[in-house]
A.B. asks: 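Here it is: the structure, laid out below.
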Amino acid sequence: MRVQVICAHPLAESFTGAVHARVVGALGSAGHEVVATDLYREGFRPAMSGEERLAYYAAGRNTGEVQDYVDRLLWADALVFCFPVWWHDMPAMLKGYFDRVWVPGVAFDIPDGGGPLRPGLTHVRGLGVVTSFGAPWWYVRLWMGDPVRRVFRRAIRPLLAKRARCLYLAHYGLDRPDEGREARFLEKVERAFARF
C-alpha cells in the first residue's frame, strides 16, 4: 500500500516527532511504500492568501502553490496524521494544510444547485490518526467532547473510500510526563502500524 504520513510539530525531537518516526518505520518494515511529509520541516505555508481564497472553488486553478501536496494526496492509498492537540484542536499548520490542499476538485466536489458534498478521495482506503493531549483522557472526552476525533470522524472520513479502515490512537496527560507511559504508547503505535 502507498501511505503518506503527515507530521505537524515544530520540534523534530518532540514526542510527536518520535511518533512520526515510529509510524514511518513500522509501515516501511511491513512493506508499504511510504512518503513522510513533515509540514514544518518542508516550510509549508498554512495561511491561505487572498488570491487562493478567490480561486478556492475553481477546481483545477485552486491548487497552484500546493500542487506537490495535492499530488502526494492523490498518490496515497492511505493517510496517517501525527500531531499534538493544542487548545482543543489540531495545530494551525495542519489546519492550514486542510484549508489549502483539501480543496474542491481534490478532496470533494460541490454539486451544482447544492446538496451534500461528493467525496473526492475515494481511492484512500486507510486513515490513521496518532495524536497527543496535555490533558487527561476524561477531560478531553467527557468535558470537551473530543473535538479532534469528531473532526476526523465526521469531516475527513466521509471524503474517503466508503469502507476505509480507520485507526485513532491518542496519548493523554503529556502535561505530566511519564517516560514509561510514553514508551509504552510508542510501542503500541509501532505494533498498530506494523499491522496497518
A.B. asks: Please write out which residues are connected to Val35 in a hydrophobic cluster, directly or through intermediates, given that two of Ile, Leu, Val, Met, Phe, Trp, Tyr count as joined at side-chain heavy-atom separations below 4.5 angstrom.
C.D. replies: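 Joined to Val35, directly or through intermediates: Trp75.
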
A.B. asks: List for me each residue that meets side-chain hydrogen bond (donor to acceptor under 3.5 Å, both in side chains) alongside Arg141, sequence neighbours excluded, and say none if there are none.
C.D. replies: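 If we apply the side-chain hydrogen bond (donor to acceptor under 3.5 Å, both in side chains) test to Arg141, skipping adjacent residues, there are no hits.
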
A.B. asks: Distance-only, no hydrogens or angles: does the Arg41 side chain make a donor-acceptor pair with backbone N or O of Pro10 under 3.5 Å?
C.D. replies: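 Flag set: sc Arg41 to bb Pro10 pair under 3.5 Å.
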
A.B. asks: Tyr57 versus Asn62: any side-chain heavy-atom pair under 4.5 Å?
C.D. replies: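 Heavy-atom side-chain distance check fails, nothing below 4.5 Å.
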
A.B. asks: Return the minimal non-hydrogen interatomic distance between Thr37 and Gln4, and the atom names on each side.
C.D. replies: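 That closest heavy-atom pairing would be OG1-NE2, 2.8 Å.
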
A.B. asks: Could you measure the distance from the CG atom of Leu186 to the CD atom of Glu179? Nearest 0.5 Å is fine.
C.D. replies: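 If we round to the nearest 0.5 Å, Leu186:CG and Glu179:CD are 11.0 Å apart.
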
A.B. asks: Would you check if His20 and Val80 make a side-chain contact, meaning some heavy-atom pair closer than 4.5 Å?
C.D. replies: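 When only atoms from C-beta onward are counted, Val80 and His20 do not touch, as no gap falls below 4.5 Å.
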
A.B. asks: Less than 4.5 Å apart, side chain to side chain, heavy atoms only: is that true for Leu94 and Leu39?
C.D. replies: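 Side-chain contact under 4.5 Å: yes.
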
A.B. asks: Checking side chain to side chain contact (heavy atoms under 4.5 Å, CB included) for the pair Phe193/Val5: CA distance, chi angles, key distance, verdict?
C.D. replies: CA-CA 11 Å; Phe193 283 94; Val5 184; over 6 Å; no

A.B. asks: Is there side-chain contact between Phe152 and Arg157, with heavy atoms separated by less than 4.5 Å?
C.D. replies: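 When only atoms from C-beta onward are counted, Arg157 and Phe152 do not touch, as no gap falls below 4.5 Å.
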
A.B. asks: Enumerate the side chain to side chain donor-acceptor pair (under 3.5 Å) contacts for residues 186-196, please, sequence neighbours excluded, ordered by first and then second residue.
C.D. replies: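 Those involving residues 186-196 are Arg22-Glu190.
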
A.B. asks: So do His9 and Pro84 actually touch side chain to side chain, heavy atoms under 4.5 Å?
C.D. replies: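 In short, these two side chains touch, coming nearer than 4.5 Å.
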
A.B. asks: For a 4.5 angstrom cut-off between non-hydrogen side-chain atoms, does Leu73 reach Val101?
C.D. replies: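 Counting from C-beta outward, Leu73 and Val101 do come under 4.5 Å.
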
A.B. asks: Do other residues, nucleotides or ligands put more than 12 heavy atoms under 6.0 Å from the CZ atom of Arg176?
C.D. replies: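 Result for CZ/Arg176: open.
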
A.B. asks: Scan residues 55-73 for pairs that pass salt bridge (charged side-chain N to carboxylate O under 4.0 Å, His left out), counting only residues two or more places apart or in two chains.
C.D. replies: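 Applying salt bridge (charged side-chain N to carboxylate O under 4.0 Å, His left out) to every pair that reaches into residues 55-73, excluding sequence neighbours, yields Glu42-Arg72, Arg45-Glu65, Glu65-Arg100, Asp68-Arg72.
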
A.B. asks: So if you build clusters from Ile, Leu, Val, Met, Phe, Trp, Tyr with side-chain heavy-atom gaps below 4.5 Å, do Val85 and Phe15 land together?
C.D. replies: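 As far as the 4.5 Å side-chain criterion goes, Phe15 and Val85 are not connected within one cluster.
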
A.B. asks: Is there side-chain contact between Pro119 and Pro158, with heavy atoms separated by less than 4.5 Å?
C.D. replies: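 No; the side chains remain at least 4.5 Å from each other.
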
A.B. asks: Minimum heavy-atom separation for Gly105 to Ala59, with atom names?
C.D. replies: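 Closest approach of Gly105 to Ala59: CA-CB, 3.8 Å.
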
A.B. asks: Is there a side-chain contact between Leu167 and Leu169 in this structure, where contact means two heavy atoms from C-beta onward sitting under 4.5 Å apart?
C.D. replies: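 Yes - at least one pair of side-chain heavy atoms lies under 4.5 Å apart.
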
A.B. asks: To check you understand the geometry: which heavy-atom pair defines the closest contact between Pro91 and Ala8, and what is its length?
C.D. replies: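 Scanning both residues, the minimum pair turns out to be CG-O, 3.8 Å.
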
A.B. asks: Taking all non-hydrogen atoms of both residues into account, name the closest pair between Ala78 and Phe196 and its distance.
C.D. replies: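 Looks like CB-CE2, 3.8 Å.
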
A.B. asks: Could you tell me whether a side-chain N or O of Ser14 sits under 3.5 Å from a main-chain N or O of Gly17, the two making a donor and an acceptor?
C.D. replies: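 Pair found, side chain donor or acceptor close to backbone of Gly17.
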
A.B. asks: Once side chain to side chain donor-acceptor pair (under 3.5 Å) is applied, what residue pairs with a partner in residues 117-135 remain, sequence neighbours excluded?
C.D. replies: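 Non-adjacent pairs meeting side chain to side chain donor-acceptor pair (under 3.5 Å): zero.
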
A.B. asks: Test: side chain to side chain donor-acceptor pair (under 3.5 Å). Region: residues 88-98. Which pairs qualify, not counting sequence neighbours?
C.D. replies: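 Every pair satisfying side chain to side chain donor-acceptor pair (under 3.5 Å) with a residue in residues 88-98: Lys95-Asp99, Tyr97-Trp102.
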
A.B. asks: With no hydrogens and no angle check, is any side-chain donor or acceptor of Asp146 less than 3.5 Å from a backbone partner on Val140?
C.D. replies: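 No; zero donor-acceptor contacts below 3.5 Å.
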
A.B. asks: Measure the CZ-CE distance between Arg150 and Met144 for me, rounded to the nearest 0.5 Å.
C.D. replies: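 Answer rounded to 0.5 Å: 8.5 Å.
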
A.B. asks: Is there a donor-acceptor contact under 3.5 Å from the side chain of His32 to the main chain of Val34?
C.D. replies: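 A pair under 3.5 Å: no.
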
A.B. asks: Sort out for me which residue in Phe185, Phe83, Trp137, Phe133 forms a ring-ring contact (aromatic ring centres under 6.0 Å, His included) with His171.
C.D. replies: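 Of all the options given, the one that passes is Phe185.
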
A.B. asks: Is the distance between the ring centroids of Tyr168 and Phe81 less than 6.0 Å?
C.D. replies: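 Not close enough - the centres of the two rings lie 6.0 Å or further apart.
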
A.B. asks: List the atom of Ala164, the atom of Gly126, and the distance in Å for their closest heavy-atom pair.
C.D. replies: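 Looking at all heavy atoms of both residues, the shortest contact is CB-N, 4.2 Å.
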
A.B. asks: Is there a path from Leu11 to Trp87 through hydrophobic residues (I, L, V, M, F, W, Y) whose side chains come within less than 4.5 Å of each other?
C.D. replies: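 In one cluster: no.
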
A.B. asks: Answer with yes or no whether the hydrophobic clustering places Leu174 together with Trp138; edges join I, L, V, M, F, W, Y residues whose side-chain heavy atoms lie under 4.5 Å apart.
C.D. replies: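 As far as the 4.5 Å side-chain criterion goes, Trp138 and Leu174 are not connected within one cluster.
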
A.B. asks: Which heavy-atom pair separates Ala26 from Ala194 by the least distance, and what is that distance?
C.D. replies: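 Residues Ala26 and Ala194, closest heavy atoms: CB-N, 3.8 Å.
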
A.B. asks: Test Val124 against every option in Leu159, Ile156, Leu74, Leu79 by the side-chain contact (heavy atoms from CB on, under 4.5 Å) rule and name the one that passes.
C.D. replies: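 Filter result, single survivor: Leu79.
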
